[in-house]
Each structure stands twice: as C-alpha cells, then as structure tokens.
Amino acid sequence: MKKTRTPTGERRTPTFRSLGVRNFRLFAAGQLVSVAGTWMMVVSQDWLVLELTGDSATALGTLTALQFTPMLLLTLYGGRLADRYDKRLLLTLANVVSGALALALAVLVLAGAVQLWHLYLFALGLGTVNAFEVPARMAFVGELVGPELLPNASALSAAYFNTARVAGPALAGLLISAAGTGPVMVLNAASYLATVTALRMIRPRELIRAEPAGRASGVRDGLRYVRTRPDLVAVLGLLAVVGLLGFNFQLTLPLLAKTVLEADATAFGLLTTAFAAGSLLAAFASTARRGRPTARTVAGSALAFGVAETAAGWSPDRPTAAVLLALTGFASIYFAQAANHRVQLGSAPHYRGRVLALYTLILQGLTPLGALLVGWLSARHGARAGLWVGGTASAVAGLAVLLGRPRRRGRPAEAVRSPAGPSTAAPSQAAGRP
C-alpha cells in the first residue's frame, strides 16, 4: 500500500495518515477506551430495563427518549459554547461529570437497589452532558488535525467508535451472563478516565484553532448562516428523516433479539457486534475520502441504508439477522459519514461548532420523538415494525432527494457569505487560520 508523509515527517498509509498527529493519537486512544465502556453500558442498561419491566417496549422507548431529549433542547447552546470557549476544557468537564453519573448508577446496581426511575434519571443526566459534549468533540477533531486531514480523522473517529462498538457489546454480553450488569457499569465509569487523561496530555500549542466567535454572534446567527446555504439545508433535511425514524437501533435491536429471535444476553451482544462490524468496515471505507462528498453520494447512501434496514426487519433467524444487520450497520455509518463530511467541510470555521450542533440536534435530538413512535409501533405491531417503518422512510427520503435534485447548480459555497459578512471560503483555506 502506498504511504504518505505526515506533517511530522512520519510515514503513514493513507488510511491512517491522521494518526501521524500526536494530539489526535492521544485523543483517539482515550476515546477508544471510553466508547467501549459506553457501549458495554448501553447493552447492560437496555438489558436491565427489559428485565425490570418484563420486556416492555414502551419502557425501553421512554429510556431512549429521556437520554436524547436534552439533545433536542440544549445542543444548539452546546455548539455556541464550542465556538466561544476552549473545546479541550469543555470536553474534560463533560467527561468528568459523565464518569460521576456512571459511578453513581454502578453503585445502585451493585447494591441491588436500582429501580426503573434510577435508569431514567441517569439517561436524562447523561443526555444533558452529551448535548454539550458531542458538538464540542466533533468540532475539536478539526483543531487536532487541520482541514486537509479532517475527512480522514473524522472517518478514523467513526472507526474507533465502531471498533469499540464491536468489542463493547460482545464483552458486555459475556460479563452480564457471568456476573450480571453491575460489573459492566463499573467498567463504564472507569473508562471515562482514559478520555480525561488523554485530553490533559494534549499539547494546546499544537492545536489548529480558528478565531473564536464573538459574544455578539449567537445561536440565531448560526441558524441564519445555515439558511443561506441550500447545500447544507438539503443534507440536514434528509438527516432529519433518517435520524427520526431510521436510527433507533438502541430500541429496535434489543427488541428484535429478545422478543423475535429469542436471544439470550450473549446472543444479543453478538447480534449487536455484527451490526457494529458492518459499521466499522464503512468507517474504514470512508478514510479514503479526501474532499467534500457530493449530494448524490449522501442521498444514495441513505437509500441503500433504508433498503438494508427494511430487509433486516424480515430476518427469519439469528444468522440471517447477523448478516443483514452487518449490511445495515455498513450503510448507516457510510451515510452518516458522508453527511457529516458534506456539512463539516462546507461550513466556515467560525460557524462550525453551531453547524455541527445543528447536525447533532437533527441526528440525535430527534431520536426521542422517533423512539416514542417506534416504541409505540413495536408494542402494537411487533418488533419488526420498527425496522420496517424506519427503513422504508429512509429509502423513500433518499430516493426523493436523488430524483428531486435541481438541474441547475446553485452558487458554490465559496461565493456564499454569512450574515455577519465573512466569506465561507473553502475549508482548506479558511480553517487553516491559527
């Protein structure tokens, strides 16, 4: 495989070229450990809810809704903070608070005192922290590597996320079967230390920072900026449909595994691992991207995702489900990465935190509404219905964007000006300012 030189002179294959940046290596290592703990917690938390409620789809949907509702209410303000303040400090504080919440829940589980409302409260608290952490984290990647390495670093971020998503659920399934959910919760609480340690080891002088947004520039300015960009509006609209109805796997996968395929905790972990393995392959496939993807690429990947998810809903047995879930996982991450790169590489640096906050709001903040709807459908019509509805809606939305693309192209991004006046120049030029 052909190798390239990083800015430090180190030779790296194109797939891993962002790892030549020391700060990004530290960040990725800490995230890998922390995200693995998070996915172990997700499996154990969902399993615990089903055990406490007698396999209630409504309870699981409520838990998902509570975790993502703060994203709907607070993410835009989180993006505003990311544009104004030190992202490294914001991320450190967010991970310390998340670790404390996880430790408190672990103590309740180990003491045998956990109740459903405890899980609801933990989900709400974690969702509140994530509303501020996610946009800061996504924007921080650009500061770690700069604009030219941003697509590769973003794809590698998805890769370590899904590597953890492969290892975490499989390990969680084994630990739950052997020792229960308590030890899994403890490991999740401890995993946040890896991210905090990595963040404090990062060298601030090596970060590539854009000029902070002024105090007079707020959330509304970010929304006005997006409104002047039809290319961003189209992607975010498609993302809204897929995020609302298609990306409810925290709800649909455990229901499909436990109530349709009659899987135990170990088999559930393996099915989740199959989904994550496909996601991981898509993340590595995305590392080859060097520029902003086209609107056709984004819409086509949404269509493919919808077809795969609908097919997964028809799975007659566990082996078939594993294969179809792997395909669904691949398509879901390929779409999410294409949408992320089109939005992030098309945004001016001083608006990027707010634009990514809007991206996060749409992708994750709409999940509460989708979770309640899909939970209601699953309770009335079975677990398969959630996958069918989500897949069909995503496929139709992707097809509509493909067929509805205008013949005449609009103004290029470089020619569009923000409401405040600065040009939204190509990321390779504008994002390079110290």
| field | Residues Phe249, Thr328; criterion side chain to side chain contact (heavy atoms under 4.5 Å, CB included); working and verdict | value | CA-CA 10 Å; Phe249 299 111; Thr328 303; 3.8 Å; yes
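- Applying the side-chain hydrogen bond (donor to acceptor under 3.5 Å, both in side chains) rule to Asp46 yields no partners; only residues at least two apart in sequence or on another chain are considered.
- Taking the side-chain contact (heavy atoms from CB on, under 4.5 Å) definition, one finds that Ala240 meets it with Ile362, Leu366, sequence neighbours left out.
- Minimum heavy-atom separation, Val242 to Ala302: CG2-CB, 4.4 Å.
- Interatomic distance, Leu121 CG to Leu105 CG, rounded to the nearest 0.5 Å: 9.5 Å.
- Here salt bridge (Lys or Arg N to Asp or Glu O under 4.0 Å) pairs that include residues 130-142, with residues two or more places apart or in two chains, are Glu133-Arg137.
- Listed here is the closest heavy atom pair of Pro293 and His341: CD-CB, 3.6 Å.
- Of all the heavy atoms in Leu253 and Leu325, the pair that sits closest is CD2-CD2, 3.5 Å.
- Nearest heavy-atom pair across Tyr359 and Ala336 is OH-O, 3.0 Å.
- A donor-acceptor contact shorter than 3.5 Å is absent between the side chain of Ser44 and the backbone of Thr181.
- Around OH of Tyr334, the count of heavy atoms belonging to other residues, nucleotides or ligands within 6.0 Å does not exceed 12.
- Separating the CG atom in Leu124 from the CG atom in Leu101 is a distance of 10.0 Å, to the nearest 0.5 Å.
- Every residue two or more places apart in sequence or in another chain that forms a side-chain contact (heavy atoms from CB on, under 4.5 Å) with Ala322 is listed here: Leu271, Ala274.
- Annotation: side-chain hydrogen bond (donor to acceptor under 3.5 Å, both in side chains) contacts of Thr297 (sequence neighbours excluded): Thr294.
- Here Gln45 contributes atom CD and Leu48 contributes atom CG; the two are 8.5 Å apart, rounded to the nearest 0.5 Å.
- Remark: side-chain polar atoms of Lys87 are paired, donor with acceptor, to backbone N or O of Ala82 under 3.5 angstrom.
- Using a distance-only test at 3.5 Å, with no hydrogens or angles considered, a donor-acceptor pair links the side chain of Ser315 to the main chain of Ala312.
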With a 3.5 Å cut-off and sequence neighbours excluded, list the donor-acceptor pairs that the side chains of residues 387-403 form with protein atoms.
| from | atom 1 | to | atom 2 | distance (Å) |
| --- | --- | --- | --- | --- |
| Trp388 | NE1 | Gly313 | O | 3.3 |
| Thr392 | OG1 | Trp388 | O | 2.8 |
| Ser394 | OG | Gly390 | O | 2.9 |

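- Looking at residues two or more places apart in sequence or on another chain, you find no side-chain hydrogen bond (donor to acceptor under 3.5 Å, both in side chains) involving Asn130.
- Note that CG of Leu361 is 9.0 Å distant from CG of Leu73, once rounded to the nearest 0.5 Å.
- Proximity of Val355 to Val343: side-chain heavy atoms (C-beta onward) are separated by under 4.5 Å at one or more points.
- Remark: Ser191 pairs with Val33, Ser34, Asn188 by the side-chain contact (heavy atoms from CB on, under 4.5 Å) rule, at least two apart or across chains.
- Smallest separation of non-hydrogen atoms from Gly306 and Thr310: O-OG1, 2.8 Å.
- Rounded to the nearest 0.5 angstrom, Leu280 CG and Ile333 CD1 are separated by 9.5 Å.
- Phe140 pairs by the ring-ring contact (aromatic ring centres under 6.0 Å, His included) definition with Phe27, not counting sequence neighbours.
- Atoms CG and CG, on Leu207 and Asp86 in that order, are 8.0 Å from each other to the nearest 0.5 Å.
- Side-chain atoms of Thr128 do not come within 3.5 Å of backbone N or O of Pro70 as any donor-acceptor pair.
- At least one side-chain heavy atom of Thr195 sits under 4.5 Å from a side-chain heavy atom of Gln31.
- Under the rule for a salt bridge (Lys or Arg N to Asp or Glu O under 4.0 Å), Arg380 has no partner lying at least two apart in sequence or in another chain.
- When each of Val97, Leu93, Leu74 is checked for a side chain to side chain contact (heavy atoms under 4.5 Å, CB included) with Val129, only Val97 meets the rule.
- In this structure the side chain of Arg354 reaches within 4.5 angstrom of the side chain of Arg80, judged on heavy atoms.
- The two atoms that bring Leu91 and Asn95 nearest to each other are O-ND2, 2.8 Å, heavy atoms only.
- Evaluation of the side-chain hydrogen bond (donor to acceptor under 3.5 Å, both in side chains) rule for Arg227 yields no partner, not counting sequence neighbours.
- Atom OH of Tyr120 is surrounded by more than 12 heavy atoms from other residues, nucleotides or ligands within 6.0 Å.
- Side-chain N or O atoms of Arg88 include one that pairs as donor or acceptor with a backbone N or O of Leu199 at under 3.5 Å.
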| query | Are Val298 and Leu239 close enough, and set up right, to give a side chain to side chain contact (heavy atoms under 4.5 Å, CB included), and what steps lead you there? | reply | CA-CA 10 Å; Val298 178; Leu239 196 69; over 6 Å; no
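- No side-chain heavy atom of Val96 sits under 4.5 Å from any side-chain heavy atom of Tyr192.
- Between Leu119 and Leu63, the closest side-chain pair of non-hydrogen atoms falls below 4.5 Å.
- Residues Trp376 and Thr58 fail the side-chain proximity criterion, which asks for heavy atoms closer than 4.5 Å.
- For Leu103, the side-chain contact (heavy atoms from CB on, under 4.5 Å) test picks out Ala189, with sequence neighbours left out.
- With contacts defined as side-chain heavy-atom distances shorter than 4.5 Å, the pair Phe122/Leu108 does not qualify.
- Between Phe247 and Phe335, the angle of the ring planes goes over 60°, which puts this pair in the perpendicular group of the 30/60° scheme.
- Put simply, the side chain of Ser154 never gets that close to the backbone of Leu150: no donor and acceptor are under 3.5 Å apart.
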